[in-house]
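Notes follow the structure.
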Amino acid sequence: LGVIHALYPLSLHEQVASTHGMVYPNPCMHQVHINLEPDDLEIKLFTLQQQLVLHRANTNMLNVEALPPGSYVLWIRNGTKIFTERLLKW
């Protein structure tokens, strides 16, 4: 699917916000839910080697059942806000 070159904001005007309580369940097995409205929501899931494995828009749920167990980085854009969180998949 692709490789990301930076998991962090690319400009000083973008701020990474906290995801505390926003992503559940974590750890997960089948699906991950993001506690945000799906409108204008973009979600990317990366391996720790920065390989893009999932990319979805306008949804607040990811099906991760087909992915191998391991640690991932979840990147969420909601309008102008950017969130990142480490996700553990069983």
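- For the pair Asn60 (side chain) and Leu36 (backbone), a donor-acceptor distance under 3.5 Å is present.
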Worksheet item: Would Val53 and Val64 count as a side chain to side chain contact (heavy atoms under 4.5 Å, CB included) if you check the C-alpha gap in whole Å, the side-chain angles of each, and the deciding distance to 0.1 Å?
Response: CA-CA 10 Å; Val53 292; Val64 295; over 6 Å; no
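- The distance from atom CG of Leu74 to atom CG of Leu88, rounded to the nearest 0.5 Å, is 12.5 Å.
- With sequence neighbours excluded, no residue forms a salt bridge (Lys or Arg N to Asp or Glu O under 4.0 Å) with Arg56.
- Inter-residue side-chain proximity for Arg86 and Leu48 is flagged as met; some heavy-atom pair is nearer than 4.5 Å.
- Checked against side chain to side chain donor-acceptor pair (under 3.5 Å), Asn26 has the following partners two or more places apart in sequence or in another chain: Glu85.
- A heavy-atom distance below 4.5 Å is found between the side chains of Trp90 and Pro27.
- How far NZ of Lys81 is from CD1 of Ile76: 12.5 Å, rounded to the nearest 0.5 Å.
- How far CZ of Arg77 is from OG1 of Thr84: 15.0 Å, rounded to the nearest 0.5 Å.
- To the nearest 0.5 Å, atoms CE (Met29) and NZ (Lys89) are separated by 6.5 Å.
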Item to complete: Go through the steps to decide whether Leu52 and Leu45 satisfy the test side chain to side chain contact (heavy atoms under 4.5 Å, CB included), and finish with yes or no.
Response: CA-CA 6 Å; Leu52 179 64; Leu45 189 64; 5.9 Å; no
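- Taking every heavy atom of both residues into account, Pro25 and Leu87 meet most closely at O-CD1, 4.3 Å.
- Side chains of Asn63 and Leu54 form no contact here, defined as non-hydrogen atoms less than 4.5 Å apart.
- Between Met22 and Ile34, the closest side-chain pair of non-hydrogen atoms falls below 4.5 Å.
- Ile82 CD1 to Lys44 NZ: the interatomic distance, rounded to the nearest 0.5 Å, is 8.5 Å.
- No side-chain donor-acceptor contact under 3.5 Å links Asp40 to the backbone of Asn78.
- Atom-to-atom distance recorded for Glu65:CD and His30:NE2 is 5.5 Å, nearest 0.5 angstrom.
- Residues Tyr72 and Phe46 fail the side-chain proximity criterion, which asks for heavy atoms closer than 4.5 Å.
- A heavy-atom distance below 4.5 Å is not found between the side chains of Tyr24 and Val32.
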